[in-house]
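Predicted model only: the values in this text are computed from it and were never measured. By convention here, the first residue in the shown sequence is residue 1.
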Amino acid sequence: MTTTTQTARPTTGKSKTKNVVGVRHEVDAKELAAMGLRDRWYPIYPSRFVGVGDMVKVKRLGVDWLLFRDATGRIRMLEDRCPHRSAPLSVGQHLGDRVACKYHGVQVDGDGTVVSVPGMPGCALEGRTVTTSLAVAEAADTIFAFMPLTADSEVTEFKLPDRLANPEVSWFSNFAEWKGPWRFYMDNVLDPMHGAFLHRDSHSMFGGDTSARFRIRETDRGFFFEKTDQRGVNFDWVEYCREAMDYVDLEIPYAESAGPGGTFGIVGMATPIDANNSAIFHWRTRTVSDWERDVWRFMYKTTLEEKHWAVLEQDREVLEALAADADKDEHLYQHDLGVARIRRVYEADAEKQAAILRGEGL
């Protein structure tokens, strides 16, 4: 089941230049690329971590946010700043359909509207929508949010990746926080060749050749980066998809010891926490039904999950060990076509969004 909430956002003044939502200084293309591109959906946090009555502070794209689930079970996401004196709402009080700031008691509802100023009833602040709230959706055990570039950005339609939207696909969600820029994650997953080396001793990537030729194949939603001479053996291909959100989709063959059913699929996404930390989301999938579905889910929880975590840890250890500027002095070769391509895509997006902020081409 997917639930979506779209809420109002405060408007800005009439100046030609525009501010990034949640940011109170001028932002250029370099900062956008570091902190995360806007005007797209991102996974924010596992749904199971925010219960009814909970208030959870998260930092995403360099901004502090408050997640809270109201008395009806509906998830809300507000900038973690009281509109009065900018105290964090996350240390306040949950009042069912609203939160109260601990500093002066100002109450803000899930739409970002001030509903009460106890210290001065009738204050002009009451009834104003002055706290940023985001459009959110819950699906695949995850809270997603649309991260607008500016206050007048149009929220795009929420759409899950195909594997997660397909009822015939069984999945398990996975969440971790890594100490490294989000772009390092994208570089890593657009580099299938590392699987034959870094993950050589894993349960699913022990086969295949350690040399290969690659090609880029365009699709109507992004591109494939794939080996030209090997398929269905190792980490042989990855598809980069640009839909409601950016994600990667790939398949890795399972050994017979993994039980009956189809290949092992992964949907992966990275959400910037800030310029140097990332929230990493994976959904491990398999297209199985009936008794095979039950066997897959049982085997995953009892034996396979631990092995998948070990593979992820191999990635994390390498990426966290990279220098912060590791992508600034390299000698790329043919295997890195996917890496070079994704970097160009994001650099172009950052420049376009920076131009919007400067009021150009509107």
Side-chain angles (χ1 to χ4, degrees), residues 20 27-43 60-62 147 149 161 178-198 212-228 235-250 266-282 314-358:
V20 174
V27 174
D28 59 14
K30 182 178 180 181
E31 184 172 347
L32 281 167
M35 291 294 190
L37 300 170
R38 299 295 191 107
D39 281 351
R40 61 200 66 190
W41 289 85
Y42 282 96
R60 297 292 182 264
L61 279 66
M147 289 291 187
L149 177 65
W178 289 0
K179 296 177 182 178
W182 70 285
R183 66 184 188 276
F184 285 5
Y185 171 85
M186 297 306 299
D187 287 351
N188 185 65
V189 290
L190 265 297
D191 169 24
M193 201 63 209
H194 83 269
F197 295 92
L198 180 62
R213 301 291 293 180
F214 284 86
R215 68 178 178 184
I216 288 177
R217 178 163 54 89
E218 305 293 337
T219 71
D220 59 359
R221 62 182 185 180
F223 63 88
F224 276 93
F225 186 56
E226 58 192 2
K227 295 176 182 177
T228 61
F235 181 8
D236 296 333
W237 61 270
V238 60
E239 183 183 9
Y240 168 65
C241 303
R242 308 206 81 186
E243 297 184 305
M245 60 197 77
D246 293 0
Y247 64 95
V248 293
D249 182 280
L250 59 103
I266 300 175
V267 175
M269 303 183 203
T271 300
I273 294 174
D274 53 31
N276 300 304
N277 296 277
S278 307
I280 307 298
F281 297 82
H282 290 107
Q314 292 171 344
D315 285 322
R316 183 192 63 79
E317 288 172 359
V318 168
L319 298 184
E320 289 191 348
L322 291 176
D325 61 351
D327 53 351
K328 303 306 180 187
D329 186 14
E330 303 165 300
H331 299 85
L332 305 182
Y333 54 90
Q334 201 265 352
H335 290 177
D336 304 309
L337 288 173
V339 172
R341 176 63 175 276
I342 195 66
R343 290 177 182 177
R344 289 197 301 271
V345 167
Y346 284 141
E347 287 171 2
D349 273 7
E351 292 292 346
K352 290 178 182 177
Q353 292 192 358
I356 292 172
L357 297 176
R358 294 191 300 266

Seminar exercise, completed: Separation between CZ (Arg242) and CZ (Phe223), nearest 0.5 Å, reads 9.5 Å
Problem set entry | Sidechain-backbone polar pair: Trp182 side chain, Ala33 backbone, donor-acceptor under 3.5 Å | yes
For this session: With the side chain counted from C-beta on, respond yes when Ile216 and Tyr240 share a heavy-atom pair under 4.5 Å apart, and no when they do not.
Result: no
Problem set entry | Heavy-atom side-chain contact between Tyr247 and Val189 under 4.5 Å | no
For this session: Look at the side chain of Asp274 and the backbone N and O of Asn277, then say whether any donor-acceptor pair between them is shorter than 3.5 Å.
Result: yes
For this session: Check step by step if salt bridge (charged side-chain N to carboxylate O under 4.0 Å, His left out) holds for Asp187 and Arg343.
Result: CA-CA 8 Å; Asp187 287 351; Arg343 290 177 182 177; 2.9 Å; yes
Exercise. Do you know which two heavy atoms are closest between Tyr42 and Gly36, and how far apart they sit?
Worked result: OH-C, 3.9 Å
For this session: Starting at CD of Glu347, measure out to CZ of Arg344 and round the result to the nearest 0.5 Å.
Result: 9.0 Å
Exercise. CG of Leu190 to CD of Glu239: how many Å apart, nearest 0.5 Å?
Worked result: 11.0 Å
For this session: Could you tell me whether the side chain of Tyr346 reaches within less than 4.5 Å of the side chain of Met186, counting heavy atoms only?
Result: yes
For this session: Examine distances only and state if a side-chain atom of Arg40 and a backbone atom of Arg38 form a donor-acceptor pair shorter than 3.5 Å.
Result: yes
For this session: To the nearest 0.5 Å, tell me how far Asp336 CG sits from Arg341 CZ.
Result: 15.0 Å
Problem set entry | Residue that, paired with Tyr333, satisfies side-chain contact (heavy atoms from CB on, under 4.5 Å) out of His331, Glu330, His335 | His335
Exercise. What closest approach, in Å, do Phe281 and Thr271 show between heavy atoms, and which atom pair accounts for it?
Worked result: CE1-OG1, 3.9 Å
Exercise. Between Met147 and Asp39, is any pair of side-chain heavy atoms under 4.5 Å apart?
Worked result: no
Exercise. Within the distance-only criterion (no hydrogens, no angle test), does the side chain of Ser278 pair as donor or acceptor with the backbone N or O of Trp178 below 3.5 angstrom?
Worked result: no
For this session: State, with a plain yes or no, whether a side-chain heavy atom of Leu37 is found less than 4.5 Å away from one of Gln353.
Result: yes
Seminar exercise, completed: What one should report as the nearest heavy-atom pair of Ala324 and Arg183 is O-NH2, 3.1 Å
Problem set entry | Test side-chain contact (heavy atoms from CB on, under 4.5 Å) applied to Val20 and Met35, step by step | CA-CA 11 Å; Val20 174; Met35 291 294 190; over 6 Å; no
Problem set entry | Side-chain ion pair, Asp249 and Arg221, N-O less than 4.0 Å | no
For this session: Measure across Gly268 and Tyr185 and return the closest heavy-atom pair with its distance rounded to 0.1 Å.
Result: CA-OH, 3.3 Å
For this session: Rounded to the nearest 0.5 Å, what's the gap from CG on Leu149 to CG on Leu32? Could you check?
Result: 6.5 Å
Problem set entry | Flag, side chain of Asp191 to backbone of Asn188, donor-acceptor distance under 3.5 Å | no
For this session: Might you point out which heavy atoms bring Phe225 and Gln334 nearest each other, and give the distance in Å?
Result: CZ-O, 4.3 Å
Exercise. How long is the gap from CG on Leu250 to CD on Glu226, to the nearest 0.5 Å?
Worked result: 13.0 Å
